2 protein chains.
Amino acid sequence: MISKRCKYAIKAILYIARHQDQKRPIFSTEIAEKESIPKKFLEGILRDLRNHSILISQRGRNGGYTLHRPTSEINLIEIIRIMDGPIALQPCVSLKYYAPCEECISEKDCVIRKVFIQVRDTTLDIFKNATIERLTSDYGEGNTAE
Amino acid sequence: MISKRCKYAIKAILYIARHQDQKRPIFSTEIAEKESIPKKFLEGILRDLRNHSILISQRGRNGGYTLHRPTSEINLIEIIRIMDGPIALQPCVSLKYYAPCEECISEKDCVIRKVFIQVRDTTLDIFKNATIERLTSDYGEGNTAE
DNA sequence: TAATATTATATCAAGTTAGTAGGATTAATA
DNA sequence: TATTAATCCTACTAACTTGATATAATATTA
Ligand code: FES
Ligand code: FES
């Protein structure tokens, strides 16, 4: 399961993306209220996203948050990895957080590893295409034809 | 990530499957030693699998565990669901453990839900084909052609 | 300089995970 | 029938994770 922290992050980024045309930073207070996210909890999340170059923060009076990159260059893979860590279901098949499986003797002979590699690849493929741009464009609504 | 409990379950079932030709129940002690699983911890897992009709247990002196069904009728979906619960990454897209998303107002208008449905479907498809029969048959080794 | 925003650190309750302990129950066999 | 050897059951624990809250410091600007 995706954590609430991660889901809040996605919703916050989507909110900022939808309101970035206003050419001003968005307050954490505004996001917290509109998206029903506990304010202090959200602040930590936004700081984390800034530390990973997803957001830019502006301190002081008229401060707030803006996107660090175009919406087409932020996807769900990156957000999930920042907030929840590995997407893979086994340590040994994680690309960004690899660790050997303690319970398995040999990766080469492991019969279940192949299955988890398949799951990882299809999952990453879907999340890679899920950019903030596509998520906000309503493009996915129904099929293209008909 | 898949829990250790779940991984132990998979390994235990695979072990029983590989040794079931001996026409005798397999002891938990044997599985624990050969697969390096803490014995008492394993006992709880095996009991759980029995309660969910994956294994049959025989009590008393020459007791032990056997598979409740042919290996072709046990797949990773079922095992993971028993041990770890939902496979889906959001409550609202889980088939067996559905719950509404607290953070989302409307499932219909939720832009990220569609993505998680895709992930769920491809993941379930892969795990459904990962039966104990196929995992033990070395069939997945390399490609069929070439 | 006052107001308002982010930043930072510490803390906390509840839940989950991975295991351990100790014994009760059941069944074969000597 | 007593012993042995297996599963079964309940309770407990330490460490970690999750979802938050509290308090105060720092930066910007009107
Ligand atoms: S080596 Fe990672 S699942 Fe076996
Ligand atoms: S309704 Fe479940 S992800 Fe939005």
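The chains referred to below are lettered A, B, ... by the order of the sequence lines, with proteins before strands, and numbering in each begins at 1. Since the model is a prediction, treat every value here as computed from it, not as a measurement.
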Item to check | Shortest non-hydrogen contact from A:Cys110 toward A:Cys104 | outcome: SG-SG, 3.9 Å
Checklist outcome for this item: By salt bridge (charged side-chain N to carboxylate O under 4.0 Å, His left out), B:Arg5 pairs with (sequence neighbours left out) B:Asp48
Next on the checklist: According to ring pair (Phe, Tyr, Trp, His ring centres under 6.0 Å), who are the partners of A:Tyr65, at least two apart in sequence or on a separate chain?
Outcome noted: none
Next on the checklist: Just the rounded figure in Å: distance from P of D:dC9 to CG of B:Leu46.
Outcome noted: 13 Å
Checklist entry - Which residues satisfy the salt bridge (charged side-chain N to carboxylate O under 4.0 Å, His left out) test with A:Arg50, sequence neighbours excluded? => result none
Next on the checklist: Just to be sure I understand the rule, does A:Gly64 reach a base, reach only the sugar-phosphate, or reach nothing, if contact means heavy atoms closer than 4.0 Å?
Outcome noted: sugar-phosphate
Next on the checklist: Classify A:Thr29 by what it touches in the nucleic acid, base, sugar-phosphate, or nothing, heavy-atom distance under 4.0 Å.
Outcome noted: nothing
Checklist outcome for this item: By ring pair (Phe, Tyr, Trp, His ring centres under 6.0 Å), A:Phe41 pairs with (sequence neighbours left out) A:Tyr8
Checklist outcome for this item: Applying ring pair (Phe, Tyr, Trp, His ring centres under 6.0 Å) to B:His52 and not counting sequence neighbours gives none
Checklist entry - With sequence neighbours left out, what residues match B:Arg59 under salt bridge (charged side-chain N to carboxylate O under 4.0 Å, His left out)? => result none
Checklist entry - Expressed in angstrom and rounded to an integer, what is the separation of B:Ile45 atom CD1 from D:dC8 atom C1'? => result 15 Å
Checklist entry - Any salt bridge between B:Arg18 and B:Glu35, counting N to O under 4.0 Å? => result yes
Item to check | Stretch residues 52-63 of chain A: residues that reach within less than 4.0 Å of DNA chain C through a heavy atom | outcome: A:Ser57, A:Gln58, A:Arg59, A:Gly60, A:Arg61
Checklist entry - When you check every protein heavy atom under 4.0 Å of nucleotides 11-21 of chain D, what one-letter string (B, S, -) results, 5' to 3'? => result --------SBB
Item to check | Atom-to-atom span, CG of B:Asp48 to P of D:dC9 - whole angstrom | outcome: 11 Å
Next on the checklist: I'd like to check the ring pair (Phe, Tyr, Trp, His ring centres under 6.0 Å) partners of A:His68; sequence neighbours left out, ordered by chain and number.
Outcome noted: none
Checklist entry - 5' to 3' on DNA chain C, which nucleotides open and close the contacts with chain B (atom under 4.0 Å from a heavy atom)? => result C:dA18 to C:dT29
Checklist entry - Could you give all pairs that pass the ring pair (Phe, Tyr, Trp, His ring centres under 6.0 Å) test and reach residues 104-124 of chain B, with sequence neighbours left out? => result A:Phe127-B:Phe116
Distance-only donor-acceptor pairs under 3.5 Å for side chains of residues 87-101 of chain B, two or more places apart:
{"residue": "B:Gln90", "atom": "OE1", "partner": "A:Lys7", "partner atom": "NZ", "Å": "2.9"}
{"residue": "B:Ser94", "atom": "OG", "partner": "B:Tyr97", "partner atom": "N", "Å": "2.9"}
{"residue": "B:Tyr97", "atom": "OH", "partner": "B:Arg81", "partner atom": "O", "Å": "2.9"}
{"residue": "B:Tyr98", "atom": "OH", "partner": "B:Glu107", "partner atom": "OE2", "Å": "2.5"}

